[in-house]
Amino acid sequence: MLIDIENVHLIKNRKRIINDISWQVEEGQHWAILGMNGAGKTTLLNLVCGYHFPSKGTMKVFGKQFGRYPLHDLRKQIGWVSFSFSEKMAHHLQNSGLQVILSGKFASIGLYEQPDDKDIDKAKEIMDQLGIARLKNQPYADMSQGEKQRVLIGRALMAEPRLLILDEPCSGLDFLSKEQLLKTVEQMADRRKTTIIYVTHQIDEILPIFTHTLLLREGGNFSQGPTEEQLTSENLSHFCKTPINVHQKNRRFSLELKQDVTV
Ligand SMILES: Nc1ncnc2c1ncn2[C@@H]1O[C@H](COP(=O)(O)OP(=O)(O)OP(=O)(O)O)[C@@H](O)[C@H]1O
């Protein structure tokens, strides 16, 4: 079991942010986490990575009970690619795509240690796999947003994480860049053993590779389970508190408001 969360609550500044969440992620699964703004998605991931400590409940990540395992060791096995991470790259804008990816090996933002030939080969292989080999020598600053996102995913893969968290990777991307990024995620899931947790507001990003989906609402677990069972018109109408129709075409989901509904 990679993640085993039982009845976890989190209270911050007297506010209940996470309310009685239980969630189990097993090896071989890929999860999508769907929730509106403020649903608690980022907070839940902060708990998983040990940046918050639960106020109540039990948590195990990689089979280790919280508080009994060095956080540094835990975090080394988790790659968290967040859109906001781009801001932290500000000092390294002149680094090339290859350098940014290599920096993932040392879990630091810049490239302070000297990579060896094996590291360089590995970084190049990752770039090939993610379809970004042509960005090897291009400064990060000059890349499009979609390219930057793929480079950051490559950077996370360099440390060979057991768990890869993609936190709204498509936000800010145009239609084509988004589809390219989704393709990359799909291929990565097919080729690598890493378990992916994909956080999103949009159901059309929940690709067939996501075996399971967790629906978060107001800090609580609205429902969870196999994706096909979660993303039904009935369940999502309850979830959104609005009557909606879910459609599935070519194994991709879309939704529309039922006719005559105003929001
Ligand atoms: N330290 C804190 N003290 C009080 N409230 C907090 C704190 N951190 C987060 N919150 C609140 O907890 C709720 C959940 O926030 P969180 O960032 O986890 O949501 P999210 O689902 O990731 O949202 P988004 O999709 O907008 O990124 C929000 O209402 C937020 O204001």
Side-chain angles (χ1 to χ4, degrees), residues 3-25 30-59 61 66-67 71 74-75 78-89 145-146 148-149 152-153 156 163-174 177-178 181-182 185 195-207 210 212-225 227 230-231 235-242 244 246 253-255 263:
I3 299 176
D4 187 5
I5 296 178
E6 296 271 2
N7 305 109
V8 159
H9 296 249
L10 181 73
I11 297 165
K12 281 232 169 235
N13 302 324
R14 298 206 191 144
K15 191 174 159 195
R16 190 177 291 274
I17 305 177
I18 294 292
N19 187 17
D20 198 16
I21 290 191
S22 296
W23 182 37
Q24 280 82 35
V25 174
H30 295 298
W31 280 76
I33 302 183
L34 183 72
M36 310 287 177
N37 290 123
K41 303 180 294 297
T42 307
T43 308
L44 179 64
L45 297 172
N46 271 309
L47 277 161
V48 169
C49 298
Y51 293 107
H52 293 319
F53 201 80
S55 312
K56 207 171 127 192
T58 57
M59 282 195 58
V61 179
F66 257 48
L71 283 175
L74 172 92
R75 289 180 195 147
I78 303 178
W80 187 348
V81 189
S82 159
F83 190 62
S84 59
F85 182 81
S86 315
E87 293 155 26
K88 294 185 202 145
M89 298 296 291
Q145 196 55 44
K148 283 180 177 156
Q149 291 294 81
L152 291 180
I153 292 174
L163 200 63
L164 179 68
I165 299 172
L166 301 178
D167 194 353
E168 295 174 34
C170 291
S171 54
L173 298 190
D174 65 50
S177 308
K178 171 177 149 178
L181 190 110
L182 290 173
V185 172
T195 292
I196 304 173
I197 296 180
Y198 188 100
V199 180
T200 183
H201 301 122
Q202 314 289 350
I203 76 162
D204 68 323
E205 292 175 24
I206 304 184
L207 301 169
F210 294 108
H212 292 74
T213 297
L214 169 65
L215 301 185
L216 274 187
R217 192 170 80 185
E218 293 154 18
N221 162 29
F222 175 81
S223 64
Q224 58 176 289
T227 297
Q230 292 303 310
L231 302 186
N235 201 38
L236 285 186
S237 294
H238 285 304
F239 180 63
C240 301
K241 298 180 183 167
T242 306
I244 52 178
V246 175
F253 294 96
S254 64
L255 57 79
V263 285

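Just so you know, these numbers come straight off a predicted model, no measurement behind them. Values reported hereafter were calculated over all heavy atoms of this structure, with side chains retained and with hydrogens, waters and symmetry mates removed. Remember, it's 1-based here, ligands and their atoms both numbered in the order they're listed.
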Point to revise | Polar proximity ligand 1 side, I17 side, N/O cut 3.5 Å exclusive | key: no
**Study point:** Residue and atom name of the nearest protein heavy atom (relative to atom 31 (O) of ligand 1), distance in Å to one decimal
**Key:** K15 NZ, 3.7 Å
**Study point:** Pairwise distance CD(E168) to CD(Q202) - rounded to 0.5 angstrom
**Key:** 9.0 Å
Review point. Which ligand 1 atoms are under 4.0 Å away from a heavy-atom of A39?
Key: 19 (O), 20 (P), 21 (O)
Check your understanding: Does an N or O from G35, backbone or side chain, lie closer than 3.5 Å to an N or O of ligand 1?
Key -> no
Study note, to complete from the structure: For H201 and N37 the tightest heavy-atom approach is NE2-ND2, 3.3 Å
Check your understanding: Nearest protein heavy atom to atom 19 (O) of ligand 1, by residue and atom, and its distance?
Key -> G40 N, 3.2 Å
Practice item. May I ask you to list the atoms of ligand 1 that are less than 4.0 angstrom from any heavy atom of E168? Key: 25 (O), 27 (O)
Check your understanding: Taking the six-membered ring for Trp, are F210 and H30 parallel (under 30°), tilted (30 to 60°) or perpendicular (over 60°)?
Key -> perpendicular
Check your understanding: Taking only heavy atoms of K12, which atoms of ligand 1 are found under 4.0 Å from at least one of them?
Key -> 1 (N), 2 (C), 3 (N), 4 (C)
Check your understanding: Identify the closest protein heavy atom to atom 26 (O) of ligand 1: which residue and atom is it, and at what distance?
Key -> N37 ND2, 2.9 Å
**Study point:** With sequence neighbours excluded, residues passing side-chain hydrogen bond (donor to acceptor under 3.5 Å, both in side chains) with T42
**Key:** none
Revision key, fill the gap. min-distance protein heavy atom vs atom 22 (O) of ligand 1 -> T42 OG1, 2.6 Å
Revision key, fill the gap. protein heavy-atom neighbour closest to atom 4 (C) of ligand 1 works out as N13 ND2, 3.7 Å
Revision key, fill the gap. closest protein heavy atom to atom 15 (O) of ligand 1 is T43 OG1, 3.7 Å
Exercise for review: May I ask you to list the atoms of ligand 1 that are less than 4.0 angstrom from any heavy atom of M36?
Suggested key: 21 (O), 25 (O)
Practice item. Can you pull out the closest protein heavy atom to atom 23 (O) of ligand 1? Residue, atom name and distance to 0.1 Å, please. Key: G38 N, 2.8 Å
